[in-house]
Each structure stands twice: as structure tokens, then as C-alpha cells.
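Here the structure comes first, spelled out in C-alpha cells, and everything after it is commentary.
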Amino acid sequence: FNIQRPEKVTYEFPLSNSVDLINRIKSKGLKSFLATTDEVLVKNSIELKYEDLTEQKFADWLPYYKEKMEENHHDVLAKLEWYEDKKDFRLKGIFLYQNKKLVGSGIVRLAKDIADFEFKASDKINVSSKPSSSIGSIIEFLFLRLATKEGYKIASSRSRNAFGFFNTLEYLDYKLRFGYKPIPSPGVPVVDDVPVNETGRVLFYGLQDGKFCLFSLQPESEKGKDWFDKSRFTSLETP
């Protein structure tokens, strides 16, 4: 099929100002919920702290991150070595405390032109009855708000590129509903294969004849059958 797969995808979110930020969120449900972020935090007695991320603060946070990744069967990617490699950048922590207990967190790297959302970990707690409400989406929004306040025009994050294997379709859906635009991650290996799970189903972004597209791989026995709603994932820019 002449398809190549970047091993990672970068999600870019365009920023302008704090007033316009909420309007750039694509999903109506997310937009409605996140417009009430500050009220939700107060109602749930959650204290927000933006902090400069020292090496000690990062080390203290790692056990919480590891616990949350293992709870959700995710790989533990944040290590002390990451801090050593990134310590020349401005590093920030987004921390949410409920009754002085850490319930949500995000680690941010502020580079020259782009604010990068590196890691996120949070408890599973109910914060609102609104659709699309979650503490995870609040942390994502707080990252975008911080990047806007710092004057950045682009906020970004990355993931591995095999949805249904390394990560889930729900994860991809979530990023796109936020309004992120996927692009091939610069400088990562581009390969000629894709891993599959036991169902044989996986989505991945690939390059075909220089065009960036979202591909669906599924078993021959399901040929012609739709197993997801394409309209939620594709766009004119990324067919």
C-alpha cells in the first residue's frame, strides 16, 4: 500500500488569547464544561497550584504518576532521566489538591516557540454531572490556559501512533474533540509496519505518497464493515 507510519504523532493546538481559548475547543460538551473550570474546582474543594518544577519536586511526584499509570495499565514513561535531559528548559507543574491530597497533575515544558504537555496523571473522581466532564480534561485545559498566559501561539503534546495497541481510540477521539491537529512528530523514526492487538483492529496515522492520512487496519473477515464512526476522527486536513 506504500504507507509509512511515523512512530509518534504530535498534536498541535493554536492559541491566541484567553478569551478566545474556550471557543477553539471543538466539542460542544467539552466547551460547556470547561467554561466552568474555576467554579468546578471551588465546588469540589480542589486547590490549583502552578509551580516551577524543581528536580526534587519532580522526584516527589514520580510515585504518584507511577501509581496512576499502573492502575490504568499504561507504560510508565516519566523517569528521573527525563528531568536531567530537559532541565535546561523552563519546566512547570500543574497540581490539583483536594483536602491537601494530590488528585491531578500535569508536567509542562516551555520551549522557545512551543509549550509541550509532557505527562499527565490524575485520580478518577466525579467533579461534575455535565457531559464530557473529567478531571483529566480540566488538567488539559489548565495546560492550554497556562500556555496562553505565557504568550505561546502553539501548545502541543505527543503520543505513540497505533490506536488500539499502544493507546485507545477514546484517547484519539479525546484529543481531536479538544481541537488538536495531528501531524507527524519531527525527528521520529518512520517505519513500514504497524503493531496490532488480538482483534486485528488498529488506527494509525500514515504517510502515503506524501499525504498525511488516518488509516484503519482490520481483519479480512470484517472487510466492508465499519467498526467506528469515521466522522469523529477525520477532517478535510487529515482524511
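For the numbers below, each heavy atom of this structure counts, side chains included, while hydrogens, waters and symmetry mates do not.
In the hydrophobic cluster analysis, where Ile, Leu, Val, Met, Phe, Trp and Tyr join through side-chain heavy atoms closer than 4.5 angstrom, I139 is grouped together with F13. There is a path of hydrophobic side-chain contacts, each under 4.5 Å, that joins L217 to I3. Under the 4.5 Å side-chain heavy-atom criterion for Ile, Leu, Val, Met, Phe, Trp and Tyr, Y50 and V108 are members of the same hydrophobic cluster. Clustering ILVMFWY residues whenever any of their side-chain heavy atoms sit less than 4.5 angstrom apart, transitively, puts L110 in the very cluster that holds L144. Two different hydrophobic clusters hold V191 and F166 under the rule that ILVMFWY side chains link at heavy-atom gaps under 4.5 Å.
Results of the side-chain contact (heavy atoms from CB on, under 4.5 Å) test with I46 over I138, V40, L96 single out L96 as the only residue that passes. Residue F215 forms a ring pair (Phe, Tyr, Trp, His ring centres under 6.0 Å) with just one option from F204, F163, F1, and that option is F204. Of the candidates K120, R145, R177, E140 forms a salt bridge (charged side-chain N to carboxylate O under 4.0 Å, His left out) with just one, namely K120.
Both tests hold for K49 against Y97: distance to the six-membered ring centre under 6.0 Å, angle to the ring axis within 45°.
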(request) Could you walk me through whether I94 and L48 pass side-chain contact (heavy atoms from CB on, under 4.5 Å), step by step? (result) CA-CA 7 Å; I94 300 170; L48 165 63; 3.9 Å; yes
(message) Could you go through S128 and K43, starting from their C-alpha distance and side-chain angles, then the distance that decides it, and tell me whether this counts as side-chain contact (heavy atoms from CB on, under 4.5 Å)?
(response) CA-CA 9 Å; S128 171; K43 185 177 179 180; over 6 Å; no
(request) Check the pair E222, W227 against side chain to side chain donor-acceptor pair (under 3.5 Å), reporting the backbone distance first and the verdict last. (result) CA-CA 9 Å; E222 296 182 1; W227 54 277; 4.9 Å; no
(message) One pair to check against side chain to side chain donor-acceptor pair (under 3.5 Å): K175 and S159. What are the steps and the verdict?
(response) CA-CA 10 Å; K175 299 298 280 190; S159 78; over 6 Å; no
(message) side chain to side chain donor-acceptor pair (under 3.5 Å) for T10 and E12? Distances and angles first, verdict last.
(response) CA-CA 6 Å; T10 294; E12 292 192 340; over 6 Å; no
(request) For the pair S32 and K130, evaluate side chain to side chain donor-acceptor pair (under 3.5 Å) and give the outcome as yes or no after the intermediate values. (result) CA-CA 8 Å; S32 173; K130 280 179 174 283; 3.2 Å; yes
(request) Please step through side-chain contact (heavy atoms from CB on, under 4.5 Å) for the pair E70 and V76, ending with a clear verdict. (result) CA-CA 7 Å; E70 290 177 346; V76 178; 4.3 Å; yes
(message) Checking F178 against S137 for the side-chain contact (heavy atoms from CB on, under 4.5 Å) test, could you report, in this order, the C-alpha distance in whole Å, the side-chain angles of both residues, the deciding distance, and whether it holds?
(response) CA-CA 9 Å; F178 241 98; S137 60; 4.1 Å; yes
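Rounding to the nearest 0.5 angstrom, the gap separating the CG atom in N44 from the CD atom in Q98 is 6.0 Å. From L91, atom CG reaches atom CD of E51 across 13.0 Å, with rounding to the nearest 0.5 Å. Separation of atoms CH2 (W82) and CG (L77) is listed at 12.0 Å; rounding is to 0.5 Å. To the nearest 0.5 Å, atom CG of residue L53 and atom CZ of residue F89 are 14.0 Å apart. Residue L172 holds its CG atom at 13.5 Å from OH of Y180, rounded to the nearest 0.5 Å. From E7, atom CD reaches atom CZ of R158 across 14.5 Å, with rounding to the nearest 0.5 Å.
Around the NZ atom of K223, the shell of radius 6.0 Å holds no more than 12 heavy atoms that belong to other residues, nucleotides or ligands. Counting non-hydrogen atoms of other residues, nucleotides and ligands closer than 6.0 Å to NZ of K8 gives a total of 12 or fewer.
Minimum interatomic distance between A111 and Y152 (heavy atoms only, all atoms of both residues): O-OH, 2.6 Å. In terms of heavy atoms, S156 sits closest to I114 at OG-CG2, 3.3 Å. Between L207 and P6, the shortest heavy-atom distance links the atoms CD1-CG, 4.3 Å. Here the shortest heavy-atom pairing between Q218 and S216 reads OE1-OG, 3.3 Å. Contact between A162 and V194 at its shortest, heavy atoms only, is CB-CG2, 4.3 Å. Residue S134 comes nearest to V127 through the heavy atom pair C-CG2, 4.1 Å, listed as atom of the first residue, atom of the second, then distance.
A salt bridge is defined here as a Lys NZ or Arg NE, NH1 or NH2 lying under 4.0 Å from an Asp or Glu carboxylate O, and E55 with K87 fails to meet this definition. Remark: E118 does not engage K86 in a salt bridge, criterion side-chain N to carboxylate O under 4.0 Å. A salt bridge is absent between D192 and R5: the closest approach of a Lys/Arg side-chain nitrogen to an acidic carboxylate oxygen does not fall below 4.0 angstrom. Between E71 and K124, no side-chain nitrogen of the basic residue sits less than 4.0 Å from a carboxylate oxygen of the acidic one, so the salt-bridge criterion is not met.
Using cut-offs of 30° and 60° for the angle between ring planes, the F119 and F58 rings count as tilted. Below 30°, between 30° and 60°, or above 60°: for F143 and F117 the angle between ring planes is below 30°, a parallel geometry.
Between Y205 and I183 the shortest side-chain heavy-atom distance does not fall below 4.5 Å. Under the 4.5 Å side-chain criterion, counting only non-hydrogen atoms from C-beta, L169 is not in contact with R201. Considering only heavy atoms from C-beta on, K68 comes within 4.5 Å of D123 through its side chain. Side chains of N2 and D209 form a contact here, defined as non-hydrogen atoms less than 4.5 Å apart. Between K181 and P14, every side-chain heavy-atom pair lies at or beyond the 4.5 Å cut-off.
Two rings, from W61 and Y64, have their centers 6.0 Å or more apart.
Under a 3.5 Å cut-off, the side chain of Y65 and the backbone N or O of A78 do form a donor-acceptor pair. No side-chain donor-acceptor contact under 3.5 Å links N197 to the backbone of V202.
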